[in-house]
Asks: 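Submitted below is the structure of interest, expressed as structure tokens.
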Amino acid sequence: MNSLSRVLKKSGHDIFENIVEILEISLMASIPILPAFFVVLPIGIVYLLLLAMPCFIAAFYALRQRIDRKPFKCKLFFKGFKKYYLRSMAYGLIIALFLLIVISSWWYYLKVKTMVSFTIAMFQSYFFIMIFASQMYTVSILVTEDISLFKSINSSIKLFLDNPGYTMGTLIQILALSVLLILTVVSVPLLFAGMVSIFSINIYDNLLLKYKEEREEQLISQE
């Protein structure tokens, strides 16, 4: 298993090597959700819930094929969208629900400004971070293994509990990358889905090396 810094270097190389495909797929993931930002708030939120996560997972699916050196065409995005739509939409709704709890907690604190409400808001924020960290591998497992959403979530939690330091380091790197892309504004539709997908793929593949090495060591010791 490689260090997180080596995974970052490999991801940078993969992004540079596949920059054209990343731009194409990222745009394909971004364009469908753009109307959400030009309609009234309730409709925009519902629109995002229906399309944001499915579009990201479709982009992930297409780039997974590219990284695995399988035949790549942009229409893979649409294949992934159709194949994972229901599972990805359900996953997006789950994440949105936890995010709503955090936002509601802070809204309540700003309204009443009591120590109790502040404590609840802090706890809910910490809880959301842990939930988010525990789901760091769900998309990778869902697409790579093509299993049910429940099994993907459960497997991701197990990987997080077994590799908390590695996972938290990954989370920090993804958040830092997201902030940098958001600051440049135009990079979000052009690069976000693709770059995060490439990084997530390499993070998950690298983690699998750990278990592969452990199995090989067990087989050697048994011999």
Asks: Do I198 and L171 belong together in a cluster built from hydrophobic side chains that touch within less than 4.5 Å?
Replies: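 I198 clusters together with L171.
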Asks: Taking CZ in F132 as the centre, count heavy atoms belonging to other residues, nucleotides or ligands within less than 6.0 Å. Is the count above 12?
Replies: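 No, not enclosed.
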Asks: Please check: side-chain N/O of S134 versus main-chain N/O of I131, any donor-acceptor pairing under 3.5 Å?
Replies: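 Flag set: sc S134 to bb I131 pair under 3.5 Å.
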Asks: Looking only at the aromatic ring of each residue, does the gap between the centers of Y109 and F118 stay below 6.0 angstrom?
Replies: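 Ring-ring flag for F118/Y109: true, centres closer than 6.0 Å.
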Asks: Quick one: does S105's side chain have a donor or acceptor within less than 3.5 Å of a partner on A121's backbone?
Replies: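 A pair under 3.5 Å: no.
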Asks: If I take atom CG from residue L149 and atom CG from residue N154, how far apart are they, to the nearest 0.5 angstrom?
Replies: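 Here the interatomic distance stands at 11.0 Å.
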Asks: How close do I22 and M195 get, counting heavy atoms only, and between which atoms?
Replies: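 That would be CG2-N, 4.1 Å.
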Asks: Looking only at heavy atoms, what is the nearest atom pair of F128 and I95, with distance?
Replies: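 Looking at all heavy atoms of both residues, the shortest contact is CE1-O, 4.2 Å.
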Asks: Taking it one step at a time, do F56 and V196 satisfy side-chain contact (heavy atoms from CB on, under 4.5 Å)?
Replies: CA-CA 9 Å; F56 173 73; V196 172; 3.9 Å; yes
Asks: Side chain of S11, backbone of V7: donor and acceptor closer than 3.5 Å?
Replies: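 Yes.
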Asks: Just verifying a value: how many Å separate T170 OG1 and L175 CG, rounded to the nearest 0.5 Å?
Replies: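 Between atom OG1 of T170 and atom CG of L175 there are 10.5 Å.
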Asks: With rounding to the nearest 0.5 angstrom, report the OG1 to OH distance, T114 to Y108.
Replies: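 That separation rounds to 6.0 Å.
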Asks: Using every non-hydrogen atom in the two residues, find where F60 and S200 come nearest and quote the distance to one decimal.
Replies: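 Shortest heavy-atom separation between F60 and S200 comes out as CE1-CB, 3.8 Å.
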Asks: Please report the interatomic distance CG(N18) to CZ(F72), rounded to the nearest 0.5 Å.
Replies: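 So the gap between those two atoms works out to 8.0 Å.
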Asks: How about S26 and F192: do any of their side-chain heavy atoms sit closer than 4.5 Å?
Replies: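 Side-chain contact under 4.5 Å: no.
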Asks: Report yes if the side chains of F81 and C55 come closer than 4.5 Å at any heavy-atom pair, otherwise no.
Replies: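 Yes - at least one pair of side-chain heavy atoms lies under 4.5 Å apart.
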Asks: Please round to the nearest 0.5 Å and tell me the distance separating atom CG of D14 and atom CD1 of I201.
Replies: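 CD1 of I201 is found 8.5 Å from CG of D14.
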Asks: Hey, is the main chain of Y85 close enough, under 3.5 Å, to the side chain of S88 for a donor-acceptor pair?
Replies: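 Pair found, side chain donor or acceptor close to backbone of Y85.
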Asks: Is L51 reachable from V139 through a run of hydrophobic residues whose side-chain heavy atoms are each under 4.5 Å from the next?
Replies: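 No, it is not one cluster - the side chains of V139 and L51 are not joined through contacts under 4.5 Å.
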Asks: Got more than 12 heavy atoms from elsewhere within 6.0 Å of OH, Y211?
Replies: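 Yes.
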Asks: To check you understand the geometry: which heavy-atom pair defines the closest contact between A59 and S197, and what is its length?
Replies: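 Closest approach of A59 to S197, heavy atoms only: C-OG, 4.3 Å.
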Asks: D68 and side-chain hydrogen bond (donor to acceptor under 3.5 Å, both in side chains): which partner among R66, Q65, K70, R64?
Replies: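 One option only clears the test, and that one is R64.
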Asks: Hey, what do you get for NZ (K73) to CD (E24), rounding to the nearest 0.5 Å?
Replies: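 Those atoms lie 13.0 Å apart.
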Asks: Would the number of heavy atoms belonging to other residues, nucleotides or ligands and lying under 6.0 Å from OH of Y47 be above 12?
Replies: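 Count over threshold, so yes.
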Asks: How far apart are the closest heavy atoms of C74 and M28, and which atoms are they?
Replies: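 Smallest heavy-atom distance, with atoms named: O-CE, 3.4 Å.
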Asks: Taking the side chain as every heavy atom from C-beta outward, state whether L159 and I141 have any pair of such atoms under 4.5 Å apart.
Replies: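 They are in contact (side-chain heavy atoms under 4.5 Å apart), so the answer is yes.
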Asks: Under 4.5 Å between any side-chain heavy atoms of M122 and W106, yes or no?
Replies: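 In contact.
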Asks: For a 4.5 angstrom cut-off between non-hydrogen side-chain atoms, does Y166 reach I203?
Replies: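 Heavy-atom side-chain distance check passes, below 4.5 Å.
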Asks: Given side-chain contact (heavy atoms from CB on, under 4.5 Å), test F160 with M168 step by step and report yes or no.
Replies: CA-CA 9 Å; F160 166 63; M168 293 306 295; 4.2 Å; yes
Asks: Do F123 and L100 sit in the same hydrophobic cluster, where Ile, Leu, Val, Met, Phe, Trp and Tyr count as joined when their side-chain heavy atoms come under 4.5 Å apart?
Replies: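 No, it is not one cluster - the side chains of F123 and L100 are not joined through contacts under 4.5 Å.
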Asks: Quick check on the hydrophobic clustering: are I31 and L49 connected, directly or via other members, by side-chain heavy-atom contacts under 4.5 Å?
Replies: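 Not linked; separate clusters.
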Asks: Heavy-atom count around M130 CE within 6.0 Å, excluding the residue itself: above 12?
Replies: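 Counting other residues, nucleotides and ligands, CE of M130 exceeds 12 neighbours.
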Asks: Is the backbone of A133 close enough, under 3.5 Å, to the side chain of T167 for a donor and an acceptor to pair up by distance?
Replies: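 No, the answer is negative, given that no donor and acceptor are paired below the 3.5 Å cut-off.
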Asks: L76 and P71: which non-hydrogen atoms are nearest, and at how many Å?
Replies: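 Heavy atoms only, the tightest pair is CD1-O, 3.7 Å.
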Asks: Heavy-atom distance under 4.5 Å between the side chains of I157 and Q135, does that happen here?
Replies: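 Heavy-atom side-chain distance check passes, below 4.5 Å.
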Asks: Taking 4.0 angstrom as the limit, do E145 and R87 come out as a salt bridge?
Replies: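 Looking at R87 together with E145, the answer is no, because their closest N to O distance does not fall below 4.0 Å.
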Asks: Are I15 and Y61 joined in one hydrophobic group, where the rule is that I, L, V, M, F, W and Y side chains link up if heavy atoms are under 4.5 Å apart?
Replies: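 Yes, same cluster.
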Asks: Report yes or no: do K210 and N163 form a side-chain donor-acceptor pair below 3.5 Å?
Replies: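 There is such a pair between these side chains.
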